[in-house]
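We name chains A, B, ... by the order of the sequence lines, and we start the count at 1 in each one. Keep in mind it's a predicted model, so treat the numbers as computed, not measured.
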Protein chains: 2
Amino acid sequence: MVRKTKEDAALTRQRIIAAARAVFLTRGVSHTTLEHIAAQAGVTRGAVYWHFKNKTEIFHVMRDHVFLPLIDRMDDTLTLEDGDDALTQIEKSMCETIHELNENIEMRQIYEIMMIKCEYVGEFATVLQQILDNCSNITGKFELAYARAKDQNILSSTHTPLALALDTHLFFSGLLHMWVKDADGSRFRFQATELIKLHINLRRK
Amino acid sequence: MVRKTKEDAALTRQRIIAAARAVFLTRGVSHTTLEHIAAQAGVTRGAVYWHFKNKTEIFHVMRDHVFLPLIDRMDDTLTLEDGDDALTQIEKSMCETIHELNENIEMRQIYEIMMIKCEYVGEFATVLQQILDNCSNITGKFELAYARAKDQNILSSTHTPLALALDTHLFFSGLLHMWVKDADGSRFRFQATELIKLHINLRRK
DNA sequence: TTATATACAAACAAGAATGTATGTATATAG
DNA sequence: CTATATACATACATTCTTGTTTGTATATAA
């Protein structure tokens, strides 16, 4: 039996991506073979090569599928006009990401793959640039939010919004890295939200 | 000509390690072949296999050679009894690490390899545990320093030393990651020291 | 209904990479 | 001075991995 229907094919494609995620996680991207992925997906390499050019393409599709929406959501939380004050918005944007990592296995695994199961070399060097660009974007949003906080007169410190934004961004980067590395959850995961609130409280008047 | 003197052999060994570092940096650990390393060192795989069991061993030796001393030095700065107040000690310990990264090419490259050119899978999973342990250690030292700062009455916030220590550690982790990723230096490297001072000033009364 | 493009499986060819085994010239110990 | 261990280079066998090619049953378009 071959030549499935279009829906079947789309499903196969999805299963290959999911299989890749599982194998990347346990073996690392570099040591993952297309044969590994195919076997995990219950197909042969023929199917994999039909749907994707190579391993790199699978990686990028897998990443974009989950990552791009996340960035958008963080943006939204930071810029949306609801009742919260600016500091609360910053706090929420970070807490939401952590919450997402806790609830969404797919996202958690992709984060883990990207942080400690992938080597940013050759074709993957561009991904690094994307990460840096995204960081600049987030920092920019933080800065705007801190500027609003300053206007709202809820800041305890006299530092510039940019300075505060950079510090917050570095804190959050560190938190995400540690969150991922702390697989058993005993060090950071269980108190991630509290650490965020603490970080924000440090700046609240 | 074979069978060099003992000094020659030790030199060969060192050159293999240096070669591995260079190749790891450009190709990533996984995609690095012992042939690559040997060629870069100007020897054959025979020499490599004589000095080391395999690629993993080279990696560990390379890492320990530079990494363990760094950890000790950071410890020292944080616990040493000189004239500085506790907050200045924390600041200095971080600035010194950054300074070391700026000046010491070897260390900078190894940091880069460990952060974005290595997959923590299989045999390398233990390294991840070591990193976590080291983080706990650093956080502990920060906590003690913040406790001293509290005694010295130079803290602006009323948070616990542990909370402050965790926040600082996450900040520093994020900074190191960004420092490494920011290869052209336009985003973080040029202002790393200022970011550290800013972070500390946030807590100084 | 038939022709064709689709969605794979299976087979093939070629190159890497690893580990080991063997060879060998020479420091060095005795 | 000689025997041996050392410090490699070279050769070999084996296993992976990749990319491509070929085969084929069947949706689907016409």
Side-chain angles (χ1 to χ4, degrees), chain A residues 1-62 113 117-119 121-124, chain B residues 1-62 113 117-119 121-124:
Chain A
M1 38 46 171
V2 266
R3 174 55 174 159
K4 320 275 187 61
T5 178
K6 279 200 175 194
E7 295 87 44
D8 285 339
L11 211 149
T12 300
R13 186 187 147 95
Q14 286 309 117
R15 291 178 57 230
I16 290 173
I17 295 174
R21 177 160 43 86
V23 184
F24 285 162
L25 198 67
T26 56
R27 313 182 80 113
V29 175
S30 299
H31 295 103
T32 293
T33 298
L34 291 189
E35 173 62 34
H36 293 149
I37 297 175
Q40 175 81 18
V43 294
T44 65
R45 274 170 50 244
V48 177
Y49 272 108
W50 197 88
H51 283 285
F52 304 95
K53 185 185 166 197
N54 53 28
K55 194 169 69 175
T56 307
E57 191 177 283
I58 302 178
F59 177 86
H60 280 106
V61 170
M62 175 198 78
I113 291 167
K117 270 93 190 266
C118 174
E119 297 177 1
V121 163
E123 306 180 284
F124 290 86
Chain B
M1 37 45 172
V2 267
R3 175 54 174 161
K4 320 274 186 65
T5 178
K6 281 201 174 192
E7 296 87 46
D8 285 340
L11 211 149
T12 300
R13 187 187 147 94
Q14 285 311 117
R15 291 179 56 228
I16 290 173
I17 296 174
R21 177 160 43 87
V23 184
F24 285 162
L25 199 67
T26 56
R27 312 183 79 111
V29 175
S30 299
H31 295 103
T32 293
T33 297
L34 291 189
E35 175 61 33
H36 293 148
I37 297 175
Q40 175 82 17
V43 295
T44 66
R45 273 169 52 243
V48 177
Y49 272 109
W50 197 88
H51 283 285
F52 303 95
K53 186 185 165 196
N54 52 29
K55 194 169 69 176
T56 308
E57 191 177 282
I58 302 178
F59 176 86
H60 279 105
V61 170
M62 176 198 78
I113 291 166
K117 269 93 190 268
C118 175
E119 297 177 2
V121 163
E123 305 180 286
F124 289 86

**OP:** Would you mind reporting whether B:Trp50 and B:Thr12 have side-chain heavy atoms less than 4.5 Å apart?
**Re:** no
Take atom [atom1] of [X] and atom [atom2] of [N], then tell me their distance rounded to the nearest Å.
X       : N      : atom1 : atom2 : result
B:Asp8  : C:dA27 : CG    : C1'   : 10 Å
A:Glu7  : D:dT28 : CD    : C1'   : 12 Å
A:Ile58 : D:dT18 : CD1   : C1'   : 13 Å

**OP:** Give a yes/no on whether any side-chain N or O of A:Thr12 is located under 4.0 angstrom from OP1 or OP2 of C:dC8.
**Re:** yes
**OP:** Within residues 29-56 of chain B, find the residues that approach DNA chain D with a heavy atom at under 4.0 Å, and present them sorted by residue number.
**Re:** B:Val43, B:Thr44, B:Gly46, B:Ala47, B:Trp50, B:His51
Subject >> Test ring pair (Phe, Tyr, Trp, His ring centres under 6.0 Å) applied to B:Phe24 - qualifying residues, sequence neighbours left out >> reply: none
Original post:
Excluding sequence neighbours, so at least two apart, what forms side-chain contact (heavy atoms from CB on, under 4.5 Å) with A:Thr33?
Top reply: A:Glu35, A:His36
Original post:
Among all residues two or more places apart in sequence or in another chain, which pass the side-chain contact (heavy atoms from CB on, under 4.5 Å) test with B:Ala41?
Top reply: B:Ile16, B:Ala19, B:Val43
Original post:
For A:Glu119, what residues pass the side-chain hydrogen bond (donor to acceptor under 3.5 Å, both in side chains) criterion, not counting sequence neighbours?
Top reply: B:Ser30
Subject >> side-chain hydrogen bond (donor to acceptor under 3.5 Å, both in side chains) partners of A:Thr56, counting only residues at least two apart >> reply: A:Glu123
